[in-house]
Undergrad: 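Can you keep this structure in mind? I'll have questions shortly.
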Protein chains: 2
Amino acid sequence: MDATEQVIREEGHAAVSSRRVAEVAGIQQGLVYYYFESMDDLLVATFQRRTARGMARYEKDARSDKPVAALWKDLNQGLDARMSFAFVSLASHNERVREVYTRFLSESRQLQCEAIARDAAARGIDISPATPMALAFILHSTSLMMGREAALGMTEGHEEVRRLLDGLLEKFA
Amino acid sequence: MDATEQVIREEGHAAVSSRRVAEVAGIQQGLVYYYFESMDDLLVATFQRRTARGMARYEKDARSDKPVAALWKDLNQGLDARMSFAFVSLASHNERVREVYTRFLSESRQLQCEAIARDAAARGIDISPATPMALAFILHSTSLMMGREAALGMTEGHEEVRRLLDGLLEKFA
DNA sequence: GTCTATACACCGATAGAC
DNA sequence: GTCTATCGGTGTATAGAC
């Protein structure tokens with residue numbers, strides 16, 4: 001799974017083959033099929049491990065003493081943009097990957113909504129006209145987009161966006 | 001190029017091969033190489049055509065009598081999420097596709113920034129603490145994310161996000 | 001567990017007939 | 001312009017030795 005992630009990151013998901021993964025892992029091609037029934041299984045297992053790690057990170061953020069600040073920091077530093085794109089791209093046309101991805105998206109957003117609502121209530125912060133859901137959505141999408149562009153070598157305007165959101169979230173810090 | 005787009009949309013960019021594209025287009029495989037020197041050329045040409053059409057749409061929005069409202073409407077209706085993901089995924093590992101994509105992103109954002117700034121000035125609208133750049137970025141990323149999720153069958157929270165942004169952009173309508 | 005060897009499908013690209 | 005035929009390479013997956 002480590003080798004699979006590496007290939008996706010460096011060469012894209014189209015380059016993931018039993019031969020290439022085996023080469024990176026330092027084993028022979030046939031051995032891949034001793035551990036995974038098919039390449040599809042390997043792919044699904046790899047993404048499942050990723051989403052489990054992602055959820056663990058978000059849960060840790062939610063339990064910290066500054067949930068929203070921790071989440072926002074995590075979204076801006078912890079996202080692996082290239083893996084993320086590969087994930088979406090695959091999810092569009094692979095039912096099993098789509099299930100893994102939509103469950104992760106749904107559960108993590110739910111978690112983030114609750115964290116925002118609880119944090120705002122605890123600190124007496126009024127986020128209107130936004131709602132926890134809208135805020136969670138916007139934080140997620142903007143940080144993902146900045147990660148995407150940064151992965152492609154573009155950072156124009158990112159400082160401005162970050163400054164604006166940092167300011168709006170100031171009371172949570 | 002139409003056949004290529006169709007294959008990308010329905011089966012993903014990994015399924016784009018001269019044989020598959022030829023089959024969809026109703027021609028023989030070898031003929032693809034009469035019109036395009038390589039599959040890479042076909043892919044780049046296909047995306048180039050898309051970005052040209054995208055820019056034309058944004059320019060039309062910018063010239064309309066309600067630039068920001070037109071842009072926001074366009075972002076929410078005109079984005080082909082699946083093509084968009086394939087584009088990004090490919091751009092990560094194909095230099096020529098990356099160039100096409102980053103130029104498009106950069107030019108379209110520039111255009112949108114100017115449209116927002118001009119529209120706000122003309123209507124005497126104060127968008128602070130946001131800036132034209134930050135606003136363009138957030139509109140783009142949220143609409144893209146909603147398109148992405150909708151393509152995967154998720155629409156939870158979208159109404160809330162749209163309501164919030166519609167409200168914030170109300171003065172532009 | 002790990003290897004080698006192999007079957008069979010599909011890939012990009014080219015050659016040459018019409 | 002469009003076709004058929006073909007090359008070498010790579011893909012998934014399996015069989016069987018050790």
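Each chain gets a letter, A, B and so on, in the order its sequence line appears, and its residues count up from 1. The structure presented is a predicted model; accordingly, all values stated were derived computationally and were not measured.
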Undergrad: What is the distance, to the nearest angstrom, from the CD atom on A/Q29 to the P atom on D/dA13?
TA: 10 Å

Undergrad: Taking only side-chain nitrogens and oxygens of A/R19, does any of them come within less than 4.0 Å of OP1 or OP2 of D/dT10?
TA: no

Undergrad: If each of A/E37 and A/A15 is mapped to the nucleotide of DNA chain D with the nearest heavy atom, which maps nearer the 5' terminus, i.e. the 5' end?
TA: A/A15

Undergrad: Decide salt bridge (Lys or Arg N to Asp or Glu O under 4.0 Å) for B/E11 and B/R82; before the verdict, give the C-alpha distance in whole Å, the side-chain angles of both, and the deciding distance to 0.1 Å.
TA: CA-CA 10 Å; B/E11 303 164 56; B/R82 292 191 178 207; over 6 Å; no

Undergrad: Would A/R148 count as a cation-pi partner of A/F85, with NZ or CZ less than 6.0 Å from the six-membered ring centre and within 45° of the ring normal?
TA: yes

Undergrad: Where the side chain of A/Y35 is defined as all heavy atoms beyond and including C-beta, which of D/dA5, D/dT12, C/dT2 is the nearest nucleotide?
TA: C/dT2

Undergrad: Taking the side chain of A/L31 as its heavy atoms from C-beta onward, which of D/dG1, D/dA13, C/dC3 lies nearest to it?
TA: C/dC3

Undergrad: Nearest whole angstrom, please: distance from the C1' of D/dA13 to the CZ of A/R20.
TA: 20 Å

Undergrad: What nucleic acid atoms does B/V16 come within less than 4.0 Å of, heavy atoms only: base, sugar-phosphate, or nothing?
TA: sugar-phosphate

Undergrad: Is there a donor and acceptor pair, one atom on the side chain of B/Q28 and one on the base of D/dA5, closer than 3.5 Å?
TA: no

Undergrad: Quick one: A/Y33 OH to D/dT14 C1', roughly how many Å, whole number?
TA: 10 Å

Undergrad: Take the protein atom CD of B/E23 and the nucleotide atom P of D/dT4, then report the distance between them rounded to whole Å.
TA: 14 Å

Undergrad: May I ask you to evaluate whether A/S17 reaches the phosphate of D/dG11, defined as a side-chain N or O under 4.0 Å from OP1 or OP2?
TA: yes

Undergrad: Which of the following nucleotides, C/dG12, D/dT12, D/dT2, is nearest to the side chain of B/Y34?
TA: D/dT2

Undergrad: What is the distance, rounded to the nearest whole Å, between atom CZ of A/F36 and atom C1' of C/dT2?
TA: 16 Å

Undergrad: Taking atom CZ of A/R109 and atom CG of A/L139, what is their separation to the nearest 0.5 Å?
TA: 10.5 Å

Undergrad: Taking the inter-plane angle between the rings of B/F47 and B/F87 on a 0 to 90° scale, is it parallel (under 30°), tilted (30 to 60°) or perpendicular (over 60°)?
TA: parallel

Undergrad: For the pair made of CE in B/M39 and C1' in C/dT14, what is the distance, rounded to whole Å?
TA: 15 Å

Undergrad: Is the distance between the ring centroids of A/H13 and B/H13 less than 6.0 Å?
TA: yes

